[in-house]
Amino acid sequence: MDALREQLIELLDGHGAHMPFDEAVAGFPDDAINRLPPNVPYTPWQLLEHLRITQADILDYIVNRTYLEPDWPEAYWPERDATATPETFALTIEGFKADRAALRAIVADPDTDLLAPIPGTPGHTILREVRIVGDHNAYHVGEFAILRQVTGTWPSDRAG
């Protein structure tokens, strides 16, 4: 079980075959937060806000026994015309990191039964939910990294 916990934490942190969230968002320029990339219907901030909202929702699903599922997909994305200030962008990143830390703490807690059904769910386990978060985050962090490449928003001194 310790090995499983360690691997789930690595998945949440984006280690292994994935780019970590912190690396993907590091040094993102303020003037590109609300810029629409070519052929993409959302801004970099909207994509990160989608990550934050989705991860927060799954955390809520795990810990809140009175959980109510938001409307899909509307509630999982900001409005199409929503914009962010640099402060809002930073809050999105901070919120994502805080919820990821809460998920890490749940997984790391030896009293957490990763395989037990979460009460009030159709047999879903913490293992299942953390895997969903990890997969979803890896997908969209990779997408964010590609958007940075396409839009030329990586720092000029970035290696690789």
Side-chain angles (χ1 to χ4, degrees), residues 2-63 69-109 112 114 126-160:
D2 288 343
L4 178 60
R5 289 181 198 285
E6 289 171 17
Q7 289 176 21
L8 288 173
I9 289 170
E10 287 177 3
L11 177 64
L12 287 171
D13 289 345
H15 295 296
H18 306 107
M19 175 178 278
F21 177 83
D22 297 341
E23 181 181 339
V25 301
F28 195 82
D30 290 346
D31 66 346
I33 291 168
N34 298 306
R35 188 185 312 155
L36 281 171
N39 302 312
V40 178
Y42 41 82
T43 67
W45 168 73
Q46 289 169 338
L47 179 58
L48 294 182
E49 183 65 2
H50 167 67
L51 271 170
R52 186 198 64 74
I53 291 167
T54 303
Q55 182 176 254
D57 176 60
I58 293 174
L59 174 60
D60 189 39
Y61 182 70
I62 291 171
V63 300
E69 184 177 355
D71 291 333
W72 172 259
E74 300 82 18
Y76 291 85
W77 285 89
E79 294 292 326
R80 288 283 184 212
D81 60 350
T83 60
T85 63
E87 294 77 21
T88 306
F89 189 80
L91 288 172
T92 292
I93 291 170
E94 290 171 21
F96 177 90
K97 290 179 180 182
D99 290 338
R100 182 182 61 190
L103 287 165
R104 287 177 97 258
I106 290 167
V107 170
D109 183 349
T112 299
L114 300 173
I126 291 173
L127 172 62
R128 174 189 186 272
E129 298 307 312
V130 170
R131 285 186 57 242
I132 290 170
V133 167
D135 289 347
H136 185 262
N137 289 351
Y139 176 86
H140 285 302
V141 168
E143 178 186 17
F144 187 82
I146 295 294
L147 290 179
R148 289 195 77 167
Q149 186 69 30
V150 169
T151 59
T153 55
W154 284 114
S156 59
D157 62 348
R158 180 178 181 268

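Quick note: numbers below take in every heavy atom, side chains included, and nothing from hydrogens, waters or symmetry partners. Not measured: the values here are computed from a predicted model.
- Not a single donor-acceptor pair under 3.5 Å links the side chain of His140 to the backbone N or O of Leu48.
- Between the Arg148 side chain and the Ala24 main chain, a donor and an acceptor come within less than 3.5 Å of each other.
- Of the possible polar contacts, one joining the Thr92 side chain to the Thr88 backbone as a donor-acceptor pair under 3.5 Å is found.
- With a 4.5 Å cut-off on side-chain heavy atoms, Leu47 and Trp77 count as touching.
- Under the 4.5 Å side-chain criterion, counting only non-hydrogen atoms from C-beta, Leu11 is in contact with His18.
- In this structure, Trp154 and Ala145 approach most closely via the heavy-atom pair NE1-O, 3.5 Å.
- Between Glu94 atom CD and Glu87 atom CD the span is 10.5 Å, to the nearest 0.5 Å.
- Atoms OG1 and CZ, on Thr153 and Arg35 in that order, are 7.0 Å from each other to the nearest 0.5 Å.
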* Working for side chain to side chain contact (heavy atoms under 4.5 Å, CB included), residues Asp30 and Phe89 -> CA-CA 9 Å; Asp30 290 346; Phe89 189 80; 5.7 Å; no
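- Taken to the nearest 0.5 Å, the CG atom of Asp99 stands 9.5 Å off from the CG atom of Asp60.
- More than 12 non-hydrogen atoms from other residues, nucleotides or ligands lie less than 6.0 angstrom from CD of Glu74.
- No side-chain donor-acceptor contact under 3.5 Å links Gln46 to the backbone of Asn34.
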* Apply side chain to side chain contact (heavy atoms under 4.5 Å, CB included) to Leu114 and Val130, showing your working. => CA-CA 9 Å; Leu114 300 173; Val130 170; 6.0 Å; no
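- When every heavy atom of Leu36 is checked against every heavy atom of Pro41, the shortest pair comes out as CD2-C, 3.8 Å.
- Taking the six-membered ring where the residue is Trp, His136 and His50 present perpendicular rings, their angle passing 60° and hence far from 30°.
- Note: Phe21 and Phe96 have parallel aromatic rings, judged against thresholds of 30 and 60 degrees for the angle between ring planes.
- Using a 4.0 Å cut-off between charged nitrogen and carboxylate oxygen, Glu49 and Arg52 count as a salt-bridge pair.
- To the nearest 0.5 Å, atoms CD1 (Ile106) and CD (Glu129) are separated by 11.0 Å.
- Taking both residues in full, the closest heavy atoms of Arg100 and Leu12 are given as CD-O, 3.3 Å, listed atom of the first, atom of the second, then distance.
- A pairwise comparison of heavy atoms in Ile33 and Pro44 identifies O-CD, 3.5 Å as the closest pair.
- At a threshold of 4.5 Å between non-hydrogen side-chain atoms, the residues Thr151 and Pro38 count as touching.
- Here Arg5 contributes atom CZ and Leu8 contributes atom CG; the two are 9.0 Å apart, rounded to the nearest 0.5 Å.
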* Asked: Please walk me through it: do Leu51 and Val141 pass side chain to side chain contact (heavy atoms under 4.5 Å, CB included)?
  -> CA-CA 8 Å; Leu51 271 170; Val141 168; 4.0 Å; yes
* Decide side chain to side chain contact (heavy atoms under 4.5 Å, CB included) for Leu103 and Ile62; before the verdict, give the C-alpha distance in whole Å, the side-chain angles of both, and the deciding distance to 0.1 Å. => CA-CA 9 Å; Leu103 287 165; Ile62 291 171; 3.7 Å; yes
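- Residues forming a salt bridge (charged side-chain N to carboxylate O under 4.0 Å, His left out) with Asp2 (at least two apart in sequence, or on another chain): none.
- Separation of atoms CD1 (Ile58) and CD1 (Ile53) is listed at 12.5 Å; rounding is to 0.5 Å.
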